[in-house]
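Only one structure is covered here, and it is reproduced in the block below.
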Amino acid sequence: MFSAIKTLHQGVDVCINNAGLARPEPLLSGKTEGWRTMIDVNVLALSICTRAAYQSMKERNIDDGHIININSMSGHRVLPTTVMHFYSATKYAVTALTEGLRQELREERSHIRATSISPGLVETGFAFKLLDNDPEKAAATYESIKCLKAEDIASTVVYVLSAPPHVQIGDIQLRPTEQIS
């Protein structure tokens with residue numbers, strides 16, 4: 001992917017890591033395959049894309065780029081829902097990786113910024129993937145309250161990108177007004 005971006009656009013100035021998924025795999029009875037899938041997508045792929053984006057910026061002397069990780073409120077709290085515990089662990093990892101990235105960028109004396117955007121319940125296909133054996137329950141997840149929309153997250157990205165160069169926004173947490181946790 002980054003090779004194609006280099007060919008078509010010379011490289012990356014802004015990277016938005018947005019992939020994420022959960023599988024219904026509790027800690028005490030979950031399948032290793034489901035855990036591995038969550039680690040591969042939520043942690044490893046994010047890290048690989050971050051590294052490639054940074055290298056693209058560095059080789060072109062881009063010192064005002066931005067790496068934004070779309071995280072989750074689950075990277076800041078653990079819900080009392082067994083099927084979400086391992087997912088939460090991967091999102092806590094995203095929180096730590098974003099702060100670690102910020103620190104490494106400072107060590108490099110780079111002005112590239114790193115931000116984590118941590119939404120609560122967003123109306124996407126997330127619940128349908130998590131609850132793939134119960135589509136009615138998945139649909140009810142989004143009908144219980146007025147959820148965030150993709151546009152809300154996009155507006156947050158625009159806000160982060162529009163911050164003045166001397167402003168480092170580390171993390172934004174946002175959730176639907178009606179969301180309890």
Side-chain angles (χ1 to χ4, degrees), residues 1-23 25 31-75 86-119 122-130 132 148-174:
M1 174 177 73
F2 281 87
S3 177
I5 291 169
K6 184 175 183 176
T7 301
L8 295 171
H9 305 288
Q10 288 77 50
V12 173
D13 293 3
V14 174
C15 176
I16 301 171
N17 289 309
N18 187 40
L21 59 79
R23 299 300 304 138
E25 306 293 352
K31 295 181 184 79
T32 303
E33 179 182 333
W35 294 343
R36 188 169 287 120
T37 297
M38 285 186 273
I39 288 173
D40 285 350
V41 172
N42 299 352
V43 179
L44 193 56
L46 175 139
S47 299
I48 292 167
C49 288
T50 295
R51 179 184 61 203
Y54 171 71
Q55 290 171 348
S56 173
M57 292 177 208
K58 187 174 179 182
E59 73 184 23
R60 295 175 303 111
N61 296 315
I62 300 297
D63 194 44
D64 61 347
H66 210 127
I67 298 170
I68 299 172
N69 294 326
I70 305 300
N71 195 352
S72 170
M73 287 298 299
S74 290
F86 196 91
Y87 170 77
S88 289
T90 68
K91 291 304 185 171
Y92 267 86
V94 172
T95 300
L97 289 166
T98 305
E99 176 57 17
L101 172 64
R102 187 196 67 76
Q103 291 177 20
E104 288 188 32
L105 289 166
R106 295 300 74 82
E107 288 172 12
E108 294 290 318
R109 302 211 185 280
S110 172
H111 292 95
I112 296 168
R113 295 179 283 177
T115 300
S116 175
I117 296 175
S118 301
V122 182
E123 192 171 341
T124 64
F126 181 88
F128 290 96
K129 183 73 173 170
L130 175 64
D132 58 3
L148 297 174
K149 305 281 187 200
E151 294 83 1
D152 300 317
I153 310 311
S155 294
T156 306
V157 168
V158 169
Y159 171 76
V160 166
L161 291 173
S162 66
H166 70 283
V167 175
Q168 166 69 62
I169 299 172
D171 190 8
I172 292 181
Q173 297 178 25
L174 65 153

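Numbering starts at 1 and runs along the sequence shown.
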For Met57 and Val14, the nearest pair of non-hydrogen atoms, with its separation, is CE-N, 4.3 Å

Among pairs that include at least one residue of residues 161-174, which meet salt bridge (Lys or Arg N to Asp or Glu O under 4.0 Å), considering only residues two or more places apart or in two chains?
-> none

Just how far is it from atom OG1 of Thr32 to atom CD1 of Ile39, taken to the nearest 0.5 Å?
-> 9.5 Å

Could you tell me which residues satisfy salt bridge (charged side-chain N to carboxylate O under 4.0 Å, His left out) with Glu99, sequence neighbours excluded, listed by chain and number?
-> Arg102

For Gln55, side chain to side chain contact (heavy atoms under 4.5 Å, CB included) partners two or more places apart | Arg51

Those residues at least two apart in sequence (or on a different chain) that pass side-chain hydrogen bond (donor to acceptor under 3.5 Å, both in side chains) with Arg113 are none

Determine, step by step, whether Glu25 and Thr37 satisfy the side chain to side chain contact (heavy atoms under 4.5 Å, CB included) criterion, reporting the C-alpha distance in whole Å, the side-chain angles of both residues, the deciding distance to 0.1 Å, and the verdict.
-> CA-CA 11 Å; Glu25 306 293 352; Thr37 297; over 6 Å; no

Okay, side chain of Ser56, backbone of Ala52: is any donor-acceptor separation there less than 3.5 Å?
-> no

Heavy-atom distance under 4.5 Å between the side chains of Thr115 and Thr98, does that happen here?
-> no

Audit row: Leu161, Ile68, side chain to side chain contact (heavy atoms under 4.5 Å, CB included) steps and yes/no = CA-CA 9 Å; Leu161 291 173; Ile68 299 172; 3.8 Å; yes

Grab the two heavy atoms, one from Phe2 and one from Cys49, that are nearest each other, plus how far apart they are.
-> CZ-O, 3.5 Å

So does Arg36 have more than 12 non-hydrogen atoms from other groups sitting under 6.0 Å from CZ?
-> no

Which residues share a salt bridge (charged side-chain N to carboxylate O under 4.0 Å, His left out) with Asp13, sequence neighbours left out = Arg60

Scan residues 33-65 for pairs that pass ring pair (Phe, Tyr, Trp, His ring centres under 6.0 Å), counting only residues two or more places apart or in two chains.
-> Trp35-Phe86

Side chains of Val41 and Thr90: closer than 4.5 Å at any heavy-atom pair?
-> no

Take Ile172 and Tyr159, measure what side chain to side chain contact (heavy atoms under 4.5 Å, CB included) needs, and give me the verdict at the end.
-> CA-CA 10 Å; Ile172 292 181; Tyr159 171 76; 3.9 Å; yes

Residues forming a side-chain hydrogen bond (donor to acceptor under 3.5 Å, both in side chains) with Asp132, sequence neighbours excluded | Arg23

About how many Å separate NE2 of His111 and NE2 of His66, when rounded to the nearest 0.5 Å?
-> 13.5 Å

Value rounded to 0.5 Å, distance of OG in Ser47 from CG in Asp40 | 11.0 Å

Closest non-hydrogen atom pair, Gly11 against Ile5 | O-CG2, 3.6 Å

Drop me the distance from Asp64's CG to Ile62's CD1, to the nearest 0.5 angstrom.
-> 6.5 Å

Applying salt bridge (charged side-chain N to carboxylate O under 4.0 Å, His left out), name anything that partners Lys149, two or more places apart in sequence or on another chain.
-> Glu123

Correct closest heavy-atom pair for Asn42 and Ala19 would be OD1-O, 4.4 Å

Nearest 0.5 Å please: distance from the CG atom of Leu8 over to the OG atom of Ser3.
-> 9.0 Å

Only counting residues at least two apart or in another chain, list the ones meeting side-chain hydrogen bond (donor to acceptor under 3.5 Å, both in side chains) with Ser110.
-> Asp63

Supply the atom-to-atom distance Ser155 OG to Leu148 CG, rounded to the nearest 0.5 angstrom.
-> 11.0 Å

Salt bridge (Lys or Arg N to Asp or Glu O under 4.0 Å) contacts in which one or both residues fall within residues 88-98, not counting sequence neighbours | none

Report the residues that fulfil side-chain hydrogen bond (donor to acceptor under 3.5 Å, both in side chains) with Gln173, sequence neighbours left out, ordered by chain and then residue number.
-> His76

Apply the side-chain contact (heavy atoms from CB on, under 4.5 Å) test between Asn69 and each candidate in Thr95, Ile117, Thr50; give the one that qualifies.
-> Thr50

Are side-chain heavy atoms of Ile112 and Leu101 found at a separation under 4.5 Å?
-> no

With Glu59 via salt bridge (charged side-chain N to carboxylate O under 4.0 Å, His left out) - residues at least two apart | Lys6

Given Asn17, Asn71, Leu46, the one that forms side-chain contact (heavy atoms from CB on, under 4.5 Å) with Leu97 | Leu46

